[in-house]
Chemist: 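Before we start, here is the structure in question, set down as structure tokens.
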2 protein chains.
Amino acid sequence: MKTEHTNKIPEGDCLPSVLADRGIRPTRQRLALASVLFGGGHKHVTAEQIVMALHKRKARVSLATVYNNLHHFTQVGLLREIAVDQTCTYFDTNTTIHGHYFDEVNGALYDIPDEALTMINLPQPPQGRKIKRVDITIRLSKAEG
Amino acid sequence: MKTEHTNKIPEGDCLPSVLADRGIRPTRQRLALASVLFGGGHKHVTAEQIVMALHKRKARVSLATVYNNLHHFTQVGLLREIAVDQTCTYFDTNTTIHGHYFDEVNGALYDIPDEALTMINLPQPPQGRKIKRVDITIRLSKAEG
DNA sequence: GTGTTTGCAAAGTGTTTGCAATTTA
DNA sequence: TAAATTGCAAACACTTTGCAAACAC
């Protein structure tokens, strides 16, 4: 039997198996991280936000470990990196192709509803290359007037 | 004979007026910068590349001044910033909405032809916000065998 | 002359890395 | 016990800033 990598990630006791299925050792730090990330609903998070969330739960995980594992999770397809701007890296628990609004006024990042944006003719990659990721970001600023 | 494109920024003696039109003082450094940026065809550049290009032309402009003026030019609409990834900021002399390929193999950044990618239903911005910028980036990696 | 701009070097920011101690299987 | 993982602090790369000197008008 082969594990299905659906977009839905189970909660609670299932968390260790989420990691195990991808060949990742379920350490205390990783379980805490997974619980914050996959504990309910999709999220857009920065490393900093993760550390704060962990701290609130009294789970001490160093910033370096958070970074290492966010990248580790990304490599195995549990997360998707989002290029919003150069000052800060966001990770998205929704790994499907979809766009984001980035609100410059308050730094908020949220999904563009699928029905609000349609792309057709996603182009073929050039020779010898494959599409690794598609980033679509609509930056918002304060409407004047 | 070559026909000049219409939405190109004029060269030579016209450069000072490009700046003057936007209320920017045409200093030696800014003219050199404008000449590299707008000297022919649209370009995607980093601050580092600009400094190297200027150096080749024996025009000494400090990195700080290049950064300051790239942002200054962006503010007045001569350039558009592109969020490719967090390690480096690109500026585009083509300020219209269009997508980019970013080739992770060699760091190259180039336009997606208009006909290769079509977006319909560009969404309305939420209440109190306006769309400041649309970033569409397709990241390419090596196609494995 | 007056306000703007420049350039240097220092400071800042988010991220990555080296390595000894710890933990997992 | 062997290999993987963690955490700290130092290193990093890119960008911004403070300020005196130079420049544009």
Side-chain angles (χ1 to χ4, degrees), chain A residues 15-36 44-55 57-76 78-79 81-91 102 104 107 109, chain B residues 15-36 44-52 54-55 58-76 78-79 81-91 102 104 107 109:
Chain A
L15 278 177
S17 72
V18 168
L19 301 185
D21 287 351
R22 319 252 172 174
I24 300 179
R25 282 194 186 175
T27 63
R28 174 179 66 74
Q29 290 87 341
R30 283 174 179 160
L31 287 171
L33 178 57
S35 132
V36 166
H44 309 109
V45 295
T46 65
E48 202 58 50
Q49 290 168 356
I50 290 284
V51 168
M52 291 193 303
L54 288 169
H55 188 255
R57 299 185 181 202
K58 314 281 187 217
R60 295 181 320 290
V61 183
S62 79
L63 184 59
T65 297
V66 168
Y67 270 113
N68 288 338
N69 283 303
L70 286 174
H71 286 131
H72 199 158
F73 286 10
T74 299
Q75 271 182 326
V76 300
L78 286 171
L79 294 176
E81 212 176 323
I82 318 171
V84 181
D85 72 329
Q86 22 314 21
T87 70
C88 155
T89 308
Y90 278 87
F91 292 85
F102 179 65
E104 291 190 349
L109 184 71
Chain B
L15 279 176
S17 72
V18 168
L19 301 185
D21 287 352
R22 320 250 171 176
I24 301 179
R25 280 195 188 175
T27 63
R28 174 180 66 74
Q29 291 87 342
R30 283 174 180 161
L31 287 170
L33 178 56
S35 132
V36 166
H44 310 109
V45 294
T46 65
E48 203 59 50
Q49 291 169 355
I50 290 284
V51 169
M52 293 193 301
L54 288 169
H55 188 254
K58 313 280 187 221
R60 295 183 320 290
V61 183
S62 79
L63 184 59
T65 296
V66 168
Y67 271 112
N68 289 338
N69 283 302
L70 285 174
H71 285 131
H72 198 157
F73 286 11
T74 300
Q75 271 181 326
V76 300
L78 286 172
L79 293 176
E81 214 176 324
I82 318 171
V84 181
D85 73 329
Q86 24 309 25
T87 69
C88 154
T89 308
Y90 278 87
F91 293 85
F102 179 65
E104 292 189 348
L109 184 71

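Chain letters run A, B, ... following the sequence lines, proteins first and then strands; every chain starts at 1.
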Chemist: Round to a whole Å and report the spacing from CD1 of A:I24 to C1' of D:dT6.
Modeler: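 That distance rounds to 15 Å.
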Chemist: Holding to ring pair (Phe, Tyr, Trp, His ring centres under 6.0 Å), I want the full list of residues that pass it with A:H72, two or more places apart in sequence or in another chain.
Modeler: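 With neighbours one apart ignored, the set is empty.
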Chemist: With distance as the sole test, does A:T65 use its side chain to make a donor-acceptor pair with the main-chain N or O of A:V61 at under 3.5 Å?
Modeler: no
Chemist: Is the shortest side-chain N/O distance from B:N69 to OP1 or OP2 of C:dT6 below 4.0 Å?
Modeler: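 Answer yes for this pair, as a side-chain N or O of B:N69 is under 4.0 Å from OP1 or OP2.
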Chemist: Given the rule that a pair is Watson-Crick or G-U wobble with both distances under 3.5 Å, how would you write DNA chain D in dot-bracket, using | for pairs to a different strand?
Modeler: |||||||||||||||||||||||||
Chemist: Could you state the atom-to-atom distance from CG of A:L63 to P of C:dT13 in whole Å?
Modeler: 14 Å
Chemist: Could you give the NE2-to-C1' distance, from A:H71 to D:dT5, as a whole number of Å?
Modeler: 17 Å
Chemist: Report the residue (B:A64 or A:E48) whose heavy-atom-nearest nucleotide on DNA chain C is the more 5′ of the two.
Modeler: B:A64
Chemist: Can B:F73 and B:L33 be said to form a side-chain contact (heavy atoms from CB on, under 4.5 Å), step by step?
Modeler: CA-CA 10 Å; B:F73 286 11; B:L33 178 56; 4.0 Å; yes
Chemist: Going by the rule side-chain contact (heavy atoms from CB on, under 4.5 Å), which residues pair with A:T87 if we only count those two or more places apart in sequence or in a different chain?
Modeler: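 For A:T87 the side-chain contact (heavy atoms from CB on, under 4.5 Å) partners, ignoring immediate neighbours, are A:D85.
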Chemist: Quickly work out the A:E81 CD to C:dG14 P distance and round it to whole Å.
Modeler: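 Answer to the nearest Å: 16 Å.
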Chemist: Within the 4.0 Å heavy-atom criterion, would you say A:T46 contacts the bases, only the backbone, or no part of the nucleic acid?
Modeler: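 Nothing, no nucleic acid heavy atom in range.
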Chemist: Report the residues that fulfil side chain to side chain donor-acceptor pair (under 3.5 Å) with A:Q75, sequence neighbours left out, ordered by chain and then residue number.
Modeler: none
Chemist: Are A:L19 and A:V76 packed together at the side-chain level, in the sense that at least one heavy-atom pair is separated by less than 4.5 angstrom?
Modeler: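 Not touching, per the 4.5 Å side-chain cut-off.
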Chemist: Within the structure provided, determine whether B:T89 and B:L70 are in side-chain contact (heavy-atom separation under 4.5 Å).
Modeler: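 No, side chains not in contact.
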Chemist: Under the ring pair (Phe, Tyr, Trp, His ring centres under 6.0 Å) rule, collect the residues that match up with B:F91, sequence neighbours excluded.
Modeler: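 Partners of B:F91 by the ring pair (Phe, Tyr, Trp, His ring centres under 6.0 Å) criterion, ordered by chain and then number, come out as B:H71.
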Chemist: Round to a whole Å and report the spacing from CD of A:Q86 to P of D:dC12.
Modeler: 23 Å
Chemist: Measure the distance from CG on A:L19 to P on D:dA4 and round it to the nearest whole Å.
Modeler: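 Interatomic distance, CG of A:L19 to P of D:dA4: 17 Å.
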Chemist: Under 4.0 Å, counting only non-hydrogen atoms across every strand here, what does A:T87 touch: a base, just sugar-phosphate, or nothing?
Modeler: sugar-phosphate
Chemist: Report all interatomic pairs (protein N or O, nucleotide N or O of nucleotides 23-25 of chain C) with separations under 3.5 Å.
Modeler:
from: C:dT24; atom 1: O2; to: A:R25; atom 2: NH1; distance (Å): 3.3

Chemist: State whether B:T65 places a side-chain N or O below 4.0 Å from either non-bridging phosphate oxygen (OP1 or OP2) of C:dG7.
Modeler: yes
Chemist: Check the distance between D:dT6's C1' and A:R30's CZ and give it to me in whole angstrom.
Modeler: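 Rounded to whole Å, this separation is 9 Å.
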Chemist: Roughly how many Å is it from CG in B:L70 to C1' in C:dT6, rounded to a whole number?
Modeler: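 One finds 15 Å between C1' of C:dT6 and CG of B:L70, rounded.
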Chemist: Is the backbone of B:I24 close enough, under 3.5 Å, to the side chain of B:R30 for a donor and an acceptor to pair up by distance?
Modeler: no
